[in-house]
Amino acid sequence: MTSPTNKDFFQRVYNWVSQVPAGRVVTYGQIAAALGHPRGARLVGWAMRVCPDDVPWHRVINARGALSTRPLPGGFHLQRALLEDEGIQFESDGRIDLRIYRWSEQ
DNA sequence: CGAATGACCAAGC
DNA sequence: GGCTTGGCCATTC
């Protein structure tokens, strides 16, 4: 497409998130920066909001290591369950230690 | 086209 | 240490 501002960015986000291995998490800003949008963390939020079922959206968290699943009712609990099932341990604050679980591309 | 919105982030109070 | 403000960029009305 001659228009780069198409859903191609969304598709790229899904592809990028899909390559995240289990037991690892990534932040919105990290994804945006990896795709060429260092300030487009919100765009990733949009992409996640319309994310297809084949995308491990539960591995996407905010820069504070906490879950941001706001629109999904009970999604918070679901995401935490999925992450714990992958071997990720939550802190007392309900947050994740990004120092350990934050995954970087290659 | 302009204004409002959003699963964000960083800085300020 | 928790709440508020501004900025960022694409989508939607």
Side-chain angles (χ1 to χ4, degrees):
Chain A
M1 309 312 182
T2 52
S3 304
T5 55
N6 280 356
K7 305 168 189 170
D8 183 53
F9 175 76
F10 286 63
Q11 205 69 29
R12 212 178 298 174
V13 173
Y14 304 140
N15 184 25
W16 199 92
V17 175
S18 298
Q19 72 182 293
V20 178
R24 288 283 189 268
V25 295
V26 289
T27 65
Y28 295 92
Q30 181 176 354
I31 297 170
L35 297 179
H37 288 259
R39 269 76 190 169
R42 315 187 83 175
L43 309 185
V44 181
W46 268 114
M48 291 292 102
R49 194 182 183 210
V50 295
C51 71
D53 296 341
D54 53 305
V55 177
W57 59 271
H58 55 270
R59 293 182 193 149
V60 182
I61 61 178
N62 60 17
R64 298 170 49 182
L67 309 182
S68 306
T69 339
R70 273 184 256 185
L72 299 175
F76 186 92
H77 183 274
L78 175 63
Q79 183 171 12
R80 176 167 175 168
L82 291 169
L83 293 173
E84 289 180 330
D85 185 62
E86 293 184 349
I88 297 179
Q89 301 175 0
F90 281 73
E91 298 296 329
S92 306
D93 298 344
R95 302 193 301 181
I96 300 174
D97 193 340
L98 290 173
R99 302 172 306 174
I100 305 174
Y101 298 109
R102 191 179 197 184
W103 179 79
S104 53
E105 46 180 338
Q106 287 91 33

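All values below were derived from every heavy atom in this structure, side-chain atoms included, with hydrogens, water molecules and symmetry-related copies excluded. Not measured: the values here are computed from a predicted model. Each chain gets a letter, A, B and so on, in the order the sequences are listed, and its residues count up from 1.
- We find that CZ of A:Arg12 is positioned 12 Å from P of C:dA10, with the value rounded to whole Å.
- For A:Phe10 and B:dA7, the CZ to P distance is 12 Å, given to the nearest whole Å.
- Side-chain nitrogen and oxygen atoms of A:Arg49 include at least one within less than 4.0 Å of the OP1 or OP2 phosphate oxygen of B:dA7.
- For A:Arg42, counting side-chain heavy atoms from C-beta on, the closest listed nucleotide (C:dC9, B:dC8, C:dT11) is B:dC8.
- No contact: A:Ile61 has no heavy atom under 4.0 Å from any strand.
- Between A:Leu43 atom CG and B:dA7 atom C1' there is a gap of 13 Å when expressed in whole angstrom units.
- Here C:dC9 presents its C1' atom at 9 Å from CZ of A:Phe9, a figure rounded to the nearest Å.
- Taking 3.5 Å as the limit, the base of C:dG7 and the side chain of A:Arg39 contain no donor-acceptor pair of atoms between them.
- The shortest heavy-atom contact between A:Glu86 and A:Arg59 is OE2-NH2, 2.9 Å.
- Nearest heavy-atom pair across A:Val50 and A:Tyr14 is CG2-OH, 3.2 Å.
- Clustering ILVMFWY residues whenever any of their side-chain heavy atoms sit less than 4.5 angstrom apart, transitively, puts A:Leu98 in a cluster other than the one holding A:Val44.
- Rounded to the nearest Å, the gap between the P atom of C:dT5 and that of B:dA4 is 16 Å.
- Atoms CD (A:Gln30) and P (C:dC8) sit 22 Å apart, rounded to a whole Å.
- Considering only the side chain of A:Trp46, C:dA10 comes nearest among C:dA10, C:dC9, B:dA7.
- Taking CH2 of A:Trp57 as the start and CG of A:Leu78 as the end, the distance is 4.5 Å to the nearest 0.5 Å.
- Distance CH2 (A:Trp57) to P (B:dG6): 18 Å, rounded to an integer number of Å.
- Here the nucleotide nearest the side chain of A:Arg70, chosen from B:dA7, C:dA10, B:dC9, is B:dA7.
- In this structure, CD1 in A:Ile96 is found 11.5 Å from OG1 in A:Thr27, a value given to the nearest 0.5 Å.
- Atom CZ in A:Arg95 sits roughly 12 Å away from atom P in B:dC9 (whole-Å rounding).
- Following rounding to the nearest Å, A:Arg64 (CZ) and C:dC3 (P) show an atom-to-atom distance of 10 Å.
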